[in-house]
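Before any comments, here is the structure.
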Amino acid sequence: MASCGAATSAGAAAWGPAVSLRVGLSSGHEMPMLGLGTYQLLPEDLARVVPHALGACGYRLLDTAAVYKNEAAVGEAIRASGVPREEVFVTTKLHPKDHGEERAYEAALAALGRLGLDYIDLLLVHWPGVAKRSPADKGNAAARRSTWSGLQRLVEDGKARSIGVSNYTAAHLDDLCEWEGCTIRPAVNQIEVSPLCQQREIQAACRRWGVHIQAYASLAQGSDALLLNPAVESIAAKHALSPSQLCLLWALQQGFSVIPRSRSTLRVTSNALPHRLVRGGSGLALSAKADGAREATATDAVALADDELDTISALDPGDDSGRQCWNPNTAEGFDGVEAALCGIPEGAELKFADRVRAAGLRLIAQVHTAGYTGRPSADPLAMGTNNQAYVGSQDMEEHLLHLESSLWRCRDMKAEHVNVHGGHDSWPLEKAVEYLSRAVSIAEKAGISISHETHRRRLMWNPWQTRSLAAAVPGLRITADLSHWVCACERVFGSDSDAEWPVILEAVAGRTALVHARVGYSEGPQVPHPAAPEVAFEVKEHLSWWRTIVRARVAAGAEELFVEPEFGPPGYQRCTPFRLAAEGDIWEMNTYMAARVVRMCQGVPGVVAEMPAAMEAVLRRCDARAAAFMRGDEADGSVSAAAGGVCAATLRMVLGRDAEVSEAFAIGAVAAAACCAAAWLVCGSARGT
Ligand SMILES: NC(=O)c1ccc[n+]([C@@H]2O[C@H](COP(=O)([O-])OP(=O)(O)OC[C@H]3O[C@@H](n4cnc5c(N)ncnc54)[C@H](OP(=O)(O)O)[C@@H]3O)[C@@H](O)[C@H]2O)c1
């Protein structure tokens, strides 16, 4: 089979470039079947790991991307390895913002400059759509073609030897390959392939067009769901392999090339073994087996028997839940996640943060000082009682100590920002000022950006106290969750009823770093559904307050402001009495609110806010439902009781199936009610890695 076949250089006894297993690409060039992934590897990692991989282990391919921001360090590490440039196959990928013929061409030259190379062995289009634009956006199809023209020119000009794509679905491939302007077919489609996520439809399309599949995340990003899977463990043990080695062997035997990533030299060595095994026997050792069709040869070098390959292939649940990375078809349009630190088991923070970033999401941490466990009670009857009673202490020193240790944990997780629930509402003003002033210094010392939430039970639980605190603490930055004030003060603020409100709002706006875009009403901090006509007034007022904040930040020259629709699960979400069934679909509420925020931002001069198609669809659906209600049509039965589970399931899908991380996520991000961050004014946020 042309696309998955492999060529080997026979005869060389030593382990090294001459014996590396290679696949013949449609471009006429050969590509090593084993490479080193470099996503998230820092310059210091690369300086250690790359020379080791090239020197001691026989790797001959390095995979980087503009998005990884490490191309320069990759180039540097290759030079430091002493291995001649022509022996190393280098792949890089265009940033998803660099679509379009001229832009792609120029971006590729810039990448070569960063890498310090004259030509690139393989240049990939990283993502089938333009950054920040929904994959479903019609403009992407034109962008993909024009980008491809740029790549074809790079081949003609000798700047790229092979060109390919990444994360292209079957439809994207068909569209590109059927286009008359496509004179050079993509040589490679780099996609997620592991036993948990096999993307068989894309495999079939790649076979159809003679496109080689290079598997990424073939270790499912180290997920326990794969590496601790009993079937994987038992087959691995039978062959005296580690589970990771077994997964790589499974991929190689089917003709996928692999690019496992590790910052550990031991693992880099270990991950090269399957490649040696496949190469070790006589002749080709590939059995290009997909969709039940065995097309190529198998020899005595194949370590895994057919039934073993089948057992491992059966691990894909088939519902996309085994996917670790972003799915181009299901992008919802969110850019980040806010997760409560106290919900993440100690020791799992880095893994958790890694998962978030690997899903293409940005991370905001939430810290509750002194007392909050973040773990919801297993008893469903505790839901409506004191489950949110998270301030365990009134002792200021205890709050400060806890804040300091938490901020260092957030720093280790490389959280971009920290939302702090700190202090106690009973403290007099002077004590609150002292606490906040010391908190500002602690954050400065830790080198991390923080803001304090305007939350009930905390120091800024009402507008008047907040104004005094903002005046007294110069470095104070605010997380504006104004829904709490509406509930705590039992009114929607307005200049008619509260003469000082515009002044207070301006003062808050000037200090805001993060907006929790949840709508409160006099009786609670979360309206039952933000699209419901009966709360239209509250929604309109909150949007006008957030607009004031947005304008103030733009006027202050801020580069970005995080806005997060924070509709939370039961406790916050309304439930039917006795049945405790949550009313409404919380994922839909958050997406709807995010869409309203984006639309509001589009009306503010100086703000860049694009509406992802998935969000817009939810907006339209909810608006149609509200309009039907106003016309007196029958109630729409699609208002489901899916509740928090929808968030949990979706986010688990995005973040992986690792039990510990999933649990942390369920607790940290969903149960603690901070599930989605719609960040606008965010430059170049890319889907996928
Ligand atoms: N085109 C795209 O959109 C795209 C998307 C994702 C990835 N990629 C490329 O594909 C490469 C590989 O994918 P990936 O990095 O996402 O995931 P991966 O290779 O499946 O997994 C990497 C993770 O597994 C761990 N690991 C590595 N070897 C291990 C071993 N022997 N035993 C246990 N754990 C091990 C690593 O941890 P340690 O570092 O601690 O060892 C790391 O956390 C990337 O680095 C990148 O170059 C491309």
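The basis for the numbers below is simple: all heavy atoms, side chains too, and nothing from hydrogens, waters or symmetry mates. Numbering of ligands and ligand atoms starts at 1, following listing order.
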Next item on the list: Would you kindly specify which portion of Ser218 sits under 4.0 Å from ligand 1, judged on non-hydrogen atoms: side chain, backbone, both or neither?
Entry: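 The part of Ser218 near ligand 1 is the backbone, not the side chain.
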
Next item on the list: Using a 4.0 Å heavy-atom threshold (strictly under), name the region of Leu41 that reaches ligand 1: side chain, backbone, both or neither.
Entry: neither

Would [X] count as a polar contact of ligand 1, with the cut-off being nitrogen or oxygen pairs under 3.5 Å?
| X | answer |
| --- | --- |
| Ser166 | yes |
| Arg261 | yes |
| Ala217 | yes |

Atoms in ligand 1 with a heavy atom of [X] nearer than 4.0 Å:
| X | answer |
| --- | --- |
| Pro260 | 19 (O) |
| Ala220 | 20 (O) |
| Lys93 | 1 (N) |
| Asn167 | 1 (N), 2 (C), 3 (O) |
| Asp63 | 9 (C), 46 (C), 47 (O) |
| Thr38 | 45 (O), 47 (O) |
| Gly222 | 21 (O), 23 (C), 24 (O) |
| Ser244 | 30 (C), 31 (N), 32 (N), 33 (C) |

Item checked: Among Lys351, Arg267, Gln40, Arg263, closest by any non-hydrogen atom to atom 37 (O) of ligand 1 -> Arg267

Check: Is ligand 1 less than 4.0 angstrom away from at least one heavy atom of Trp127?
Finding: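 Trp127 does not count as a contact of ligand 1 under the 4.0 Å cut-off.
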
For [X] and [Y], does a side-chain donor sit closer than 3.5 Å to a side-chain acceptor?
| X | Y | value |
| --- | --- | --- |
| Asn70 | Thr64 | yes |
| Trp250 | Ser218 | no |
| Asp175 | Tyr168 | no |
| Thr269 | His52 | yes |

Notebook entry, point to check: Which pairs with one or both residues in residues 242-256 pass salt bridge (Lys or Arg N to Asp or Glu O under 4.0 Å), sequence neighbours excluded?
Noted result: none

Notebook entry, point to check: Hey, is the main chain of Ala66 close enough, under 3.5 Å, to the side chain of Lys93 for a donor-acceptor pair?
Noted result: no

Item checked: Whether His172 side chain and Pro128 backbone form a donor-acceptor pair below 3.5 Å ->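 Not confirmed, His172 side chain does not pair with Pro128 backbone.
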
Margin query: If the threshold is 4.0 Å, N to carboxylate O, is there a salt bridge linking Asp63 and Arg261?
Written below: no

Next item on the list: Decide, yes or no, whether a salt bridge links Asp121 with Arg60 under the criterion of side-chain N to carboxylate O below 4.0 Å.
Entry: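 Between Arg60 and Asp121 there is no salt bridge, as every charged N stays at least 4.0 Å from the carboxylate O atoms.
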
Item checked: By salt bridge (charged side-chain N to carboxylate O under 4.0 Å, His left out) - contacts of Glu102 (at least two apart) -> Arg153

